S.K.: 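My questions will all concern the structure given below.
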Amino acid sequence: MIKSFDKNWTTTNDNLPLNDSETERYISVRPNENQLRLAQKPFYCFIHFGMNTATGREWGAGVETVKDFTITKIDTAQWVRVIKSSGATGIILTCKHHDGFCLWDTQYTDFCVKNTEFKKDIVKLLSDECAKQGLDFGIYLSPWDMHDKRYGTKEYDDYFCNQLTELLTNYGKIFEVWFDGAKGSNAVKFEYDWDRYHELIRTLQPQANIAICGPDIRWVGNEGGHIRQSEYSVVPSALRDVEKIMKNSKQNEKQTMSVQKYFSSDEDLGSRKVLKKNAYLCWYPAEADVSIRKGWFYSKDENMTVKSVKKLFNLYLDTVGSNCTLLFNVPPTDKGIIHRKDARVLKKLGAMIDSIELNPVLVQSLGELTKDNGYIDFNFNDEKELNYIVISEDISFSQRVESFEIFLKNKNGKLKREYKGTVIGAKKIIRLNSKKCVGARFIIRSSRSTPIIKSIGFYE
């Protein structure tokens with residue numbers, strides 16, 4: 001058994017180069033300041049709310065009028081309170097969905113909330129409440145618009161940018177701008193001016209990450225929370241363009257429901273084999289978007305589809321715990337509140353997330369490892385029952401670890417392998433289910449240059 005520990009990043013490195021010029025090229029790709037902040041707050045929530053909430057649809061029909069928005073009461077304080085209880089650090093609101101109905105007092109169309117019986121600016125109500133309760137605020141603005149007759153012309157780009165400007169200047173600091181390429185199969189053929197949109201965001205909200213159809217955060221590839229075995233953040237730059245291609249996005253309302261079953265067509269996005277073939281690389285971390293209900297907008301017929309707290313927690317561990325950010329969708333009802341079933345599971349989720357690091361046994365900052373750190377031993381004062389191990393790389397130096405193992409030591413001094421993994425990245429959460437041990441051994445089998453481990457923590 002001891003011989004196996006001789007094979008680590010300091011010796012064989014799984015027969016991969018440790019410090020050649022190609023490896024140096026990979027680790028030269030690093031996150032910018034916005035992406036580093038994202039890694040510190042990897043869990044946030046979507047709120048799908050608007051005309052579809054009132055009409056009971058997932059996608060609009062293109063025939064709605066302001067009179068169809070019949071909602072007259074909204075409790076944004078409750079929205080923020082519920083979502084904050086889940087452990088989420090921010091909210092992204094669907095300010096305009098595909099139906100074209102706007103939740104703010106826009107100057108550029110009459111198809112907006114100010115012309116309804118409700119009249120109040122919902123974007124303002126929610127952004128102010130987020131600031132009050134200490135959550136970040138982000139926006140979703142659908143490029144596809146069923147309602148506006150300018151859609152499909154260059155004048156629509158002006159309209160879209162005017163509305164984007166309103167959202168980026170009147171509602172405080174924006175932490176994320178979320179786009180998608182969803183477009184109905186019968187819609188007018190129209191190429192969105194992504195470069196113009198992105199430049200506008202960079203000018204007005206330079207600290208905002210631009211997600212999905214954007215350069216900062218990529219879609220994980222499905223809406224079921226499924227991740228790859230190795231979720232790399234260093235990937236080919238060409239992926240940024242793929243995100244913009246509408247033929248890879250949802251084309252109809254049925255796909256809104258069924259896409260949860262799909263997996264990305266490319267399992268391997270960041271291995272050395274893939275990167276070697278690409279001259280241009282970028283830091284492009286994955287985000288998983290999952291609705292806590294069957295649909296994305298509220299429907300009373302789906303109250304029985306609210307995911308259990310166990311399911312939500314497993315999704316958290318699988319995504320945030322595997323170098324991915326998580327965006328849970330929480331749709332308020334047509335009564336203007338988050339349903340009690342949703343609220344109940346979200347509060348329990350927050351308690352479960354808190355429990356991960358509630359009882360620390362040993363937490364250490366390791367930093368840049370040395371040649372005598374092929375494996376590292378950790379000794380506890382007495383026998384412990386470990387439930388979690390949490391490991392983070394210092395991603396400001398890129399993503400380096402490619403494979404590692406965790407061994408636990410019993411009272412007789414024997415070591416048993418309990419976990420074999422690939423990448424670590426911003427965070428790796430390992431669940432152990434009360435494994436008794438008096439110590440642990442952390443061995444990195446392969447790495448892209450010297451590993452730099454921000455921290456490793458063992459928790460009961």
Side-chain angles (χ1 to χ4, degrees), residues 3-31 35 39 42 218 220-221 226-237 239 264 266-286 317-325 366-376 389-407 417-430 440-456:
K3 278 189 175 182
S4 71
F5 297 127
D6 293 336
K7 296 181 178 180
N8 56 61
W9 73 272
T10 69
T11 54
T12 60
N13 200 45
D14 276 351
N15 298 316
L16 296 168
L18 182 67
N19 284 310
D20 67 345
S21 59
E22 186 68 4
T23 306
E24 289 298 317
R25 185 169 77 93
Y26 304 157
I27 66 170
S28 69
V29 181
R30 300 176 181 184
Q35 292 168 322
R218 63 180 167 86
V220 76
H226 305 289
I227 61 159
R228 296 162 182 81
Q229 180 182 10
S230 302
E231 200 63 73
Y232 284 99
S233 295
V234 179
V235 296
S237 295
L239 274 172
S264 172
D266 297 322
E267 170 64 21
D268 182 4
L269 294 178
S271 71
R272 296 189 190 219
K273 181 180 178 181
V274 170
L275 300 188
K276 188 175 182 180
K277 298 176 182 177
N278 288 270
Y280 301 101
L281 308 177
C282 64
W283 186 272
Y284 203 25
L317 294 177
D318 290 345
T319 54
V320 173
S322 293
N323 193 47
C324 185
T325 61
L366 300 180
E368 185 173 3
L369 303 189
T370 61
K371 284 293 184 179
D372 59 350
N373 293 143
Y375 60 84
I376 304 173
I389 300 174
V390 182
I391 314 171
S392 295
E393 289 186 72
D394 188 340
I395 61 170
S396 64
F397 295 95
S398 195
Q399 186 178 2
R400 301 190 176 201
V401 175
E402 293 174 299
S403 63
F404 72 99
E405 295 172 14
I406 295 289
F407 290 77
R417 189 175 72 187
E418 291 294 342
Y419 187 83
K420 181 179 181 180
T422 57
V423 302
I424 294 175
K427 181 172 284 189
K428 184 68 183 180
I429 303 175
I430 301 166
R441 176 167 290 183
F442 172 45
I443 179 168
I444 296 174
R445 296 294 187 182
S446 61
S447 179
R448 298 172 181 177
S449 191
T450 305
I452 304 178
I453 305 300
K454 187 176 182 179
S455 65
I456 181 168

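For the numbers below, each heavy atom of this structure counts, side chains included, while hydrogens, waters and symmetry mates do not. It should be emphasised that the depicted structure is a prediction, and the values quoted were computed from it without experimental measurement.
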S.K.: Is it true that R218 and E231 make a salt bridge, defined as a side-chain N closer than 4.0 Å to a carboxylate O?
M.R.: yes
S.K.: If I compare all heavy atoms of I444 with all of F442, which pair ends up nearest, and what's the gap?
M.R.: CG1-CZ, 3.7 Å
S.K.: Set out, in order, the CA-CA distance, both residues' side-chain angles and the distance that settles side-chain contact (heavy atoms from CB on, under 4.5 Å) for F397 and K454, then state yes or no.
M.R.: CA-CA 10 Å; F397 295 95; K454 187 176 182 179; over 6 Å; no
S.K.: Quick one: closest heavy-atom pair of N13 and S447, and the distance?
M.R.: OD1-N, 2.8 Å
S.K.: Would you say the side-chain atoms of N8 pair up with the backbone N or O of T10, donor to acceptor, closer than 3.5 Å?
M.R.: yes
S.K.: Is the shortest distance from a Lys or Arg side-chain nitrogen in R445 or E405 to a carboxylate oxygen in the other one below 4.0 Å?
M.R.: yes
S.K.: Per the side chain to side chain donor-acceptor pair (under 3.5 Å) rule, which among R400, R272, R448 passes with T23?
M.R.: R272
S.K.: Please tell me whether D6 and T11 have a donor and an acceptor in their side chains that are separated by less than 3.5 angstrom.
M.R.: no
S.K.: List the residues meeting side-chain contact (heavy atoms from CB on, under 4.5 Å) with T422, not counting sequence neighbours, and say none if there are none.
M.R.: Q229, S230
S.K.: Y419: what forms a ring-ring contact (aromatic ring centres under 6.0 Å, His included) with it, not counting sequence neighbours?
M.R.: F404
S.K.: Do you know which two heavy atoms are closest between C282 and V29, and how far apart they sit?
M.R.: C-CG1, 3.3 Å
S.K.: Just do the side-chain contact (heavy atoms from CB on, under 4.5 Å) check on L275 and Y232 with the steps written out, would you?
M.R.: CA-CA 11 Å; L275 300 188; Y232 284 99; over 6 Å; no
S.K.: Provide the closest heavy-atom pair for I391 versus I453 in the form atom of the first, atom of the second, distance.
M.R.: CG2-CG2, 4.1 Å
S.K.: Using only heavy-atom distances, determine whether the side chains of S446 and S403 contain a donor-acceptor pair under 3.5 Å.
M.R.: yes
S.K.: Can you tell me how far apart CD (E267) and NE2 (H226) are? Round to the nearest 0.5 Å.
M.R.: 12.0 Å
S.K.: Step by step, would you call S237 with Y284 a side-chain contact (heavy atoms from CB on, under 4.5 Å)?
M.R.: CA-CA 8 Å; S237 295; Y284 203 25; over 6 Å; no
S.K.: How close do V220 and C324 get, counting heavy atoms only, and between which atoms?
M.R.: CG2-SG, 4.2 Å
S.K.: If we ignore hydrogens and angles and just use 3.5 Å, is the side chain of R25 paired with the main-chain N or O of L281 as donor and acceptor?
M.R.: no
S.K.: Surrounding NZ of K420 (heavy atoms of other residues, nucleotides or ligands, distance under 6.0 Å), is the total greater than 12?
M.R.: no
S.K.: Quick check: closest heavy atoms across P31 and Q35, and the distance to 0.1 Å?
M.R.: CA-OE1, 3.4 Å
S.K.: If the condition is side-chain contact (heavy atoms from CB on, under 4.5 Å), which residues does K277 pass it with, not counting sequence neighbours?
M.R.: K273
S.K.: For the rings on F407 and F5, is their centre-to-centre separation under 6.0 Å?
M.R.: yes
S.K.: Between K428 and V401, does a side-chain contact (heavy atoms from CB on, under 4.5 Å) hold up when you go through it step by step?
M.R.: CA-CA 11 Å; K428 184 68 183 180; V401 175; over 6 Å; no
S.K.: Does W9 reach the main-chain N or O of N373 with its side chain, forming a donor-acceptor pair under 3.5 Å?
M.R.: yes
